[in-house]
Amino acid sequence: MKHDGKPGCVVLAAGSARRFGGNKLTAAVAGVALIRRALSAVPAERFSQVAVVTQYPEIRELAKEFSFTPVWNDVPEAGVSRSIALGLAALGDCPGALFLVADQPLLRRESVDALVTLWQEKPDGIAALGHGSVRGNPCLFPARLFPELRALQGDRGGAAVIRRHEDLLTLLEVDPRELQDADTPEALAAIRAEAAEGN
């Protein structure tokens with residue numbers, strides 16, 4: 001696929017959510033499922049391609065609804081490293097890749113758009129959302145780090161690569177609520193309460 005200088009995007013939606021106790025991505029915040037919120041937060045026009053890595057048939061179908069590329073992870077128990085490798089393989093040739101986790105229901109499309117703009121100012125570096133100098137997700141990596149991302153094993157994600165290249169990292173400050181992930185039912189309940197207050 002022709003990238004026209006645009007990075008690719010990988011939505012990580014294959015986890016088994018053991019801490020949550022089931023497929024949390026179908027849980028809703030303000031009536032909208034987490035996975036639909038995640039896909040809606042992707043400004044597709046900023047990317048050469050958007051790959052959605054998942055083990056769930058319903059999420060594969062939803063990816064098609066958004067005209068994104070569904071990528072099947074047949075061994076999700078291998079950890080997030082496998083989803084990263086599968087996503088990069090689906091993107092093919094591109095100058096960078098943004099990795100977006102699917103359980104940050106308050107993430108704003110505008111923030112992801114601004115993150116791409118920030119990265120394009122220094123496309124050899126890493127850009128991520130953060131708050132108060134603490135890094136969060138999503139993160140956008142340059143192609144020169146793809147070999148290190150592909151070499152990850154087990155449940156180690158991009159943070160392991162970032163730790164080796166802290167000098168390359170630029171943070172975009174956002175509201176901390178955008179960075180909250182729904183790892184547990186309690187966390188999801190707190191996010192639902194914040195979303196209700198924001199309406």
Side-chain angles (χ1 to χ4, degrees), residues 1-20 23-25 35 38-39 41-42 44 46-56 59-60 63 68-104 107 112 115-116 118-130 133-172 179 181 183:
M1 175 173 285
K2 192 176 179 185
H3 59 69
D4 295 323
K6 295 179 179 180
C9 175
V10 177
V11 179
L12 300 169
S16 297
R18 291 181 190 86
R19 288 173 62 191
F20 193 85
N23 180 11
K24 63 184 172 183
L25 299 183
I35 183 58
L39 300 185
V42 176
R46 302 300 307 274
F47 299 104
S48 58
Q49 185 180 0
V50 180
V52 181
V53 185
T54 189
Q55 62 165 312
Y56 301 106
I59 293 178
R60 184 163 56 175
F68 296 162
T69 302
V71 179
W72 190 246
N73 185 342
D74 58 340
V75 193
E77 61 272 17
V80 70
S81 62
R82 178 168 172 79
S83 288
I84 289 171
L86 288 169
L88 286 174
L91 293 184
D93 177 36
C94 56
L98 180 141
F99 292 89
L100 187 147
V101 296
D103 62 352
Q104 289 177 212
L107 179 65
V112 181
L115 183 62
V116 175
L118 177 67
W119 176 79
Q120 287 176 330
E121 294 171 3
K122 290 195 287 186
D124 283 336
I126 305 167
L129 297 188
S133 77
V134 177
R135 180 187 57 79
N137 288 308
C139 299
L140 210 168
F141 294 85
R144 66 187 176 119
L145 295 182
F146 287 2
E148 292 187 40
L149 289 165
R150 292 191 187 100
L152 292 167
Q153 298 290 321
D155 216 26
R156 297 182 77 211
V161 175
I162 292 173
R163 281 193 290 272
R164 292 196 290 268
H165 301 282
E166 292 281 359
D167 57 313
L168 299 179
L169 179 62
T170 303
L171 294 183
L172 177 66
L179 307 177
D181 51 36
D183 270 350

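Each residue takes its place number in the sequence, starting with 1. Values reported hereafter were calculated over all heavy atoms of this structure, with side chains retained and with hydrogens, waters and symmetry mates removed.
Counting only heavy atoms from C-beta outward, the side chains of Val101 and Asp181 never approach each other to under 4.5 Å. Between Leu88 and Phe99, some side-chain heavy-atom pair lies under the 4.5 Å cut-off. The shortest side-chain heavy-atom distance between Cys9 and Val42 falls under the 4.5 Å cut-off. In this structure the side chain of Asp124 never reaches within 4.5 angstrom of the side chain of Trp119, judged on heavy atoms. Here the side chains of Pro142 and Lys122 are not in contact, with every heavy-atom distance at 4.5 Å or above. Leu145 has its side chain within reach of His165: a pair of non-hydrogen atoms, C-beta onward, lies under 4.5 Å apart. For the pair Ile162/Ile126, a side-chain contact is recorded, criterion being any heavy-atom separation below 4.5 Å from C-beta on. Pro138 is listed as a side-chain neighbour of Leu107, based on a closest heavy-atom distance under 4.5 Å.
In this structure, the ring pair (Phe, Tyr, Trp, His ring centres under 6.0 Å) partners of Phe68, at least two apart in sequence or on a different chain, are Phe66. Applying the salt bridge (Lys or Arg N to Asp or Glu O under 4.0 Å) rule to Arg46 yields the partners Asp113; only residues at least two apart in sequence or on another chain are considered. Partners of Arg82 by side-chain hydrogen bond (donor to acceptor under 3.5 Å, both in side chains), not counting sequence neighbours, listed by chain and number: Asn73, Asp74. By the side chain to side chain contact (heavy atoms under 4.5 Å, CB included) test, Ala89 is found to be paired with no residue, residues two or more places apart in sequence or in another chain being considered.
Evaluation of the salt bridge (charged side-chain N to carboxylate O under 4.0 Å, His left out) test over residues 94-103, restricted to residues two or more places apart or in two chains, returns Lys24-Asp103. Counting only residues at least two apart or on different chains, the salt bridge (charged side-chain N to carboxylate O under 4.0 Å, His left out) pairs with a member in residues 138-149 are Glu148-Arg164.
When every heavy atom of Asp155 is checked against every heavy atom of Gly79, the shortest pair comes out as OD1-CA, 3.4 Å. The two atoms that bring Leu118 and Ala127 nearest to each other are CD2-CB, 4.4 Å, heavy atoms only. Of all non-hydrogen atoms in Cys139 and Ala128, the two that sit nearest each other are SG-CB, 3.7 Å. Of all non-hydrogen atoms in Ala160 and Leu152, the two that sit nearest each other are CB-CD2, 3.9 Å. Across all their heavy atoms, Pro95 and Gly5 have their closest contact at CG-O, 3.5 Å. Across all non-hydrogen atoms, the minimal contact from Trp72 to Gln55 is CH2-O, 2.9 Å.
To the nearest 0.5 Å, atoms CZ (Arg135) and CG (Leu171) are separated by 8.5 Å. One finds the CZ atom of Phe141 at 8.5 Å from the CG atom of Leu169 (value rounded to the nearest 0.5 Å). Here the SG atom belonging to Cys94 is positioned 8.0 Å from the CD atom belonging to Gln49, to the nearest 0.5 angstrom.
A donor-acceptor contact shorter than 3.5 Å links the side chain of Gln104 to the backbone of Asn137. Using modelled atom types, one side-chain atom of Thr54 and one backbone atom of Ala13 make a donor-acceptor pair closer than 3.5 Å. Proximity of a side-chain donor or acceptor of Ser81 to a complementary backbone N or O of Gly154 within less than 3.5 Å is detected.
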Open item on the list: Let's go through Leu129 and Leu179 carefully: what are the C-alpha distance in whole Å and the side-chain angles of both, what is the deciding distance for side chain to side chain contact (heavy atoms under 4.5 Å, CB included) to 0.1 Å, and is it a yes or a no?
Closed with: CA-CA 8 Å; Leu129 297 188; Leu179 307 177; 3.8 Å; yes
TODO: Step by step, work out the side chain to side chain contact (heavy atoms under 4.5 Å, CB included) result for Leu100 and Val112.
DONE: CA-CA 9 Å; Leu100 187 147; Val112 181; 4.2 Å; yes
TODO: Would you check, one step at a time, whether the test side chain to side chain contact (heavy atoms under 4.5 Å, CB included) holds for Leu25 with Ile59?
DONE: CA-CA 9 Å; Leu25 299 183; Ile59 293 178; 3.8 Å; yes
Task: CA sep, side-chain torsions, deciding dist, call: Val10, Leu91, side chain to side chain contact (heavy atoms under 4.5 Å, CB included) - done: CA-CA 8 Å; Val10 177; Leu91 293 184; 3.6 Å; yes
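For CZ of Arg150, the number of neighbouring non-hydrogen atoms (other residues, nucleotides, ligands) closer than 6.0 Å is greater than 12.
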